[in-house]
Amino acid sequence: MLFTRDDTYAAFMMDHAAGNHPESLALAADLHMILSPEAAREAFAWSIIGGALLEAEAPEAVAAQPEPERRYHKRKRTRAGATAILDAAGQGVPWKRGIFAVPYHPVGVPGGRLMKLSPGQSVPRHGHTATEATVVIQGELRDEFGHYRKGDLMLGEPGMHHKPVAAGEDACICYVAEPPRFAWRLQ
């Protein structure tokens, strides 16, 4: 299990355990846990810590807090979606040519897509304005921050710049997720 920064990873997994991710990022965390037993153990630990923190709160303090707004995922839905993504990646999906000739396949979730890089192919150097989660499903990927293998999670943080490239002799298929972007927002 490899990730860009320990503190970013911990925050990402805590948010997942609390159910705070949009569906695209929840799918990335679920894929990471399915493909990496170490990640599954870590996620389980975060859920225990979260439960212990809730139990430590005085019942009246918890009751006085406003009900959290649950805009995001339902766990069963993302687990089923993660399994469907793994099945699709292994069956040879119809790839579309994206910007800079990087093949992608939409997965039906706003902010989520499969990406395929041929051996040695890279994504142009780019930066991030929001957290981007990339899970390696097949092959290997590397950037300035590490070398990622099947099941590894690469987190692109706001302000971070990098240039991912498919490492090794096989094609690299990844699930790439970012929070959905909406052209307008009512609030």
Side-chain angles (χ1 to χ4, degrees), residues 1-4 8-9 12-13 16 21-40 72-158 160-183:
M1 176 172 68
L2 185 68
F3 33 84
T4 311
T8 303
Y9 181 75
F12 183 84
M13 295 306 284
H16 184 65
H21 284 310
E23 187 175 6
S24 57
L25 294 176
L27 279 167
D30 283 343
L31 282 165
H32 177 49
M33 290 185 300
I34 288 169
L35 296 171
S36 170
E38 187 178 344
Y72 297 137
H73 73 285
K74 300 276 187 221
R75 177 74 76 215
K76 287 181 183 176
R77 181 175 175 197
T78 60
R79 279 292 186 166
T83 302
I85 288 171
L86 289 173
D87 291 344
Q91 293 177 3
V93 298
W95 296 99
K96 297 181 178 188
R97 281 283 173 207
I99 192 163
F100 303 111
V102 175
Y104 75 97
H105 176 74
V107 295
V109 174
R113 66 196 175 284
L114 287 173
M115 174 182 74
K116 182 178 183 178
L117 297 173
S118 299
Q121 183 180 9
S122 66
V123 174
R125 184 169 180 74
H126 62 282
H128 296 278
T129 57
T131 298
E132 179 184 85
T134 302
V135 180
V136 178
I137 295 173
Q138 172 187 310
E140 300 176 25
L141 188 68
R142 66 176 161 79
D143 68 1
E144 296 89 327
F145 301 99
H147 193 108
Y148 309 89
R149 291 174 177 80
K150 183 177 179 176
D152 287 343
L153 174 65
M154 177 172 57
L155 294 170
E157 303 172 68
M160 175 183 150
H161 289 79
H162 67 147
K163 183 178 180 173
V165 61
E169 297 179 15
D170 297 322
C172 180
I173 297 177
C174 301
Y175 172 73
V176 181
E178 57 191 7
R181 296 180 196 170
F182 300 103

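- In plain terms, the two heavy atoms of A26 and H21 that are nearest each other are N-CB, 3.7 Å.
- From K150, atom NZ reaches atom SG of C174 across 12.5 Å, with rounding to the nearest 0.5 Å.
- Looking at F145 and E157, their side chains never come closer than 4.5 Å, going by heavy atoms from C-beta outward.
- Distance CG/L31 to OG/S36: 12.0 Å, rounded to 0.5 Å.
- Taking all atoms of both residues into account, the shortest heavy-atom contact from D30 to A82 is CB-CB, 4.0 Å.
- For the pair L35/V136, no side-chain contact is recorded, criterion being any heavy-atom separation below 4.5 Å from C-beta on.
- You'll find the side chain of Y148 reaches within 4.5 Å of the side chain of D143, heavy atoms only.
- Note that CG of L155 and OH of Y9 are 8.5 Å apart. Values are rounded to the nearest 0.5 Å.
- Side-chain contact between M160 and T8: absent, with no pair of heavy atoms (C-beta onward) separated by less than 4.5 Å.
- Among pairs with a residue in residues 88-103, none fulfils side chain to side chain donor-acceptor pair (under 3.5 Å), at least two apart in sequence or across chains.
- H32 contributes atom NE2, which lies 8.0 Å from atom CD of E38 (distance to the nearest 0.5 angstrom).
- The CD1 atom of I173 sits 12.5 Å away from the CD1 atom of I85 when rounded to the nearest 0.5 Å.
- Scanning for side-chain contact (heavy atoms from CB on, under 4.5 Å) contacts around A88 gives V93, with sequence neighbours left out.
- Taking CG from L141 and CG from D152, the interatomic distance works out to 9.5 Å, rounded to the nearest 0.5 Å.
- Taking both residues in full, the closest heavy atoms of L25 and T131 are given as CD2-O, 4.4 Å, listed atom of the first, atom of the second, then distance.
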Using distance only, find each side-chain donor-acceptor pair of residues 105-126 under 3.5 Å and give its atom names and separation, not counting sequence neighbours.
from : atom 1 : to   : atom 2 : distance (Å)
H105 : ND1    : P94  : O      : 3.1
Q121 : OE1    : S118 : N      : 2.9
Q121 : NE2    : A101 : O      : 3.4
R125 : NH1    : E144 : OE2    : 2.5
H126 : ND1    : P124 : O      : 2.9
H126 : NE2    : H128 : NE2    : 3.4
H126 : NE2    : H162 : NE2    : 3.3

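- Residues satisfying the side chain to side chain donor-acceptor pair (under 3.5 Å) test with H161, not counting sequence neighbours, are none.
- Partners of A29 under the side-chain contact (heavy atoms from CB on, under 4.5 Å) rule, at least two apart in sequence or in another chain, are F12, H16.
- Here the closest non-hydrogen pair linking A177 and S24 is CB-O, 3.2 Å.
- Here E178 pairs with R181 under the salt bridge (Lys or Arg N to Asp or Glu O under 4.0 Å) rule; sequence neighbours left out.
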